[in-house]
Amino acid sequence: MELAELIAYVRAQRAGVVSTLGPDASPQAAYLAITANGRGELLFDAKPDSRKIANLRRDGRVAVVVGGADGTTLQAEGRAELPAGAELERCTSEYLDAFPEFAGSFEAGAVVLVRIVLEWARHGDFRGGTPVLREVALGAR
């Protein structure tokens, strides 16, 4: 799968599960709105005092699953970060292009933007008799 296909897939699905590592290294997962920007980075928002943000500040490693309802999935792993400065402005703009309904939450300071830089991803199509699994060509990161 090419990076452009990953971007289109995540944008079409509009939601996924992000798993972080809790204080004792136990997995903690959340279902949330998610999109991909033109670089293939995944973007989501979270409340600043959520356990997901506390977990990411401690350890940025994440696993993500997008899709599932139609028999296809994207499984991915990467590093989450809280961008700042110009990167935060760019990522927030890209996120709000996908989810303009959340603009008020950003303006009120009720949420922060999280960016995931992917290190590995695989698309699975389980709709036929034989599953089709394709690694995503992420390119130089």
Side-chain angles (χ1 to χ4, degrees), residues 1-85 87-141:
M1 173 182 251
E2 297 299 320
L3 186 59
E5 293 173 281
L6 174 146
I7 294 166
Y9 181 82
V10 173
R11 288 177 177 174
Q13 296 292 321
R14 297 180 49 86
V17 175
V18 175
S19 296
T20 60
L21 297 171
D24 62 353
S26 62
Q28 297 180 350
Y31 180 78
L32 41 80
I34 193 165
T35 192
N37 65 18
R39 296 178 180 181
E41 300 163 338
L42 303 184
L43 305 172
F44 67 91
D45 73 58
K47 293 185 178 183
D49 60 349
S50 68
R51 68 181 192 167
K52 145 172 67 292
I53 296 300
N55 291 346
L56 294 175
R57 289 186 191 282
R58 197 175 37 262
D59 188 334
R61 293 177 295 165
V62 296
V64 181
V65 176
V66 175
D70 69 351
T72 66
T73 63
L74 177 75
Q75 299 172 349
E77 297 170 1
R79 288 225 164 250
E81 55 195 32
L82 303 171
E87 283 297 294
L88 174 59
E89 289 178 28
R90 178 184 63 80
C91 290
T92 301
S93 176
E94 292 166 327
Y95 183 75
L96 292 176
D97 284 346
F99 300 105
E101 64 270 28
F102 299 150
S105 296
F106 279 92
E107 291 166 5
V111 296
V112 295
L113 191 284
V114 179
R115 169 177 60 190
I116 300 172
V117 177
L118 296 178
E119 297 170 350
W120 172 86
R122 178 177 63 203
H123 182 265
D125 187 338
F126 304 94
R127 295 175 290 189
T130 303
V132 177
L133 301 173
R134 298 185 299 157
E135 299 286 318
V136 178
L138 296 173
R141 309 305 281 166

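Note: hydrogens, waters and symmetry copies are ignored here, and every other heavy atom, side chains too, is used.
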Taking side chain as C-beta onward, heavy atoms only, is V136 less than 4.5 Å from L74?
yes
Closest non-hydrogen atom pair, G124 against L133
CA-CD2, 3.6 Å
Non-hydrogen side-chain atoms of R51 and T20 separated by less than 4.5 Å:
no
Identify whether the distance between the nearest side-chain nitrogen and carboxylate oxygen of R90 and E41 falls below 4.0 Å.
yes
For the residue pair R122 and Q75, establish whether any side-chain heavy-atom pair is separated by less than 4.5 Å.
yes
Heavy-atom donor-acceptor pair, S26 side chain to G22 backbone, under 3.5 Å
no
Backbone N or O of T72 within a donor-acceptor pair of the Y9 side chain at under 3.5 Å?
yes
Looking at every heavy atom in both P48 and V111, which two are closest together, and how far apart are they?
CD-CA, 4.0 Å
Do the side chains of R115 and E87 get nearer than 4.5 Å, heavy atoms only?
yes
How about V64 and V17: do any of their side-chain heavy atoms sit closer than 4.5 Å?
no
Pair Q13, D70 - check side-chain contact (heavy atoms from CB on, under 4.5 Å), show working.
CA-CA 10 Å; Q13 296 292 321; D70 69 351; 3.8 Å; yes
Is it true that a side-chain atom of R14 and a backbone atom of A33 form a donor plus acceptor pair closer than 3.5 Å?
no
So with a 6.0 Å cut-off around CZ of R61, is the heavy-atom count from everything else above 12?
no
Looking at every heavy atom in both A36 and R11, which two are closest together, and how far apart are they?
O-NE, 2.8 Å
Atom pair OG1 (T35) and CG (L42), whose distance is rounded to the nearest 0.5 Å:
8.5 Å
Test salt bridge (charged side-chain N to carboxylate O under 4.0 Å, His left out) applied to R39 and E94, step by step:
CA-CA 11 Å; R39 296 178 180 181; E94 292 166 327; 5.8 Å; no
Strictly below 4.0 Å, N to O, side chains only: are R134 and E5 in salt-bridge contact?
yes
Between L138 and A121 the two heavy atoms that sit nearest each other are CD1-N, 4.2 Å
F102 and F99 aromatic ring geometry - parallel, tilted or perpendicular at 30°/60° bounds
parallel
Any L6 side-chain heavy atom under 4.5 Å of L118 side chain:
yes
Closest non-hydrogen contact found for L56 with A80 is CD2-CB, 3.6 Å
Identify the heavy atoms of V66 and V10 that sit nearest to each other, and give their distance.
CG1-CA, 4.3 Å
Distance (rounded to the nearest 0.5 Å) between Y95 OH and D45 CG
3.5 Å
Please tell me if the side chains of P23 and Q28 come closer than 4.5 Å, counting only heavy atoms from C-beta onward.
yes
If you define the side chain from C-beta out and look only at heavy atoms, does anything of I53 sit under 4.5 Å from L82?
yes
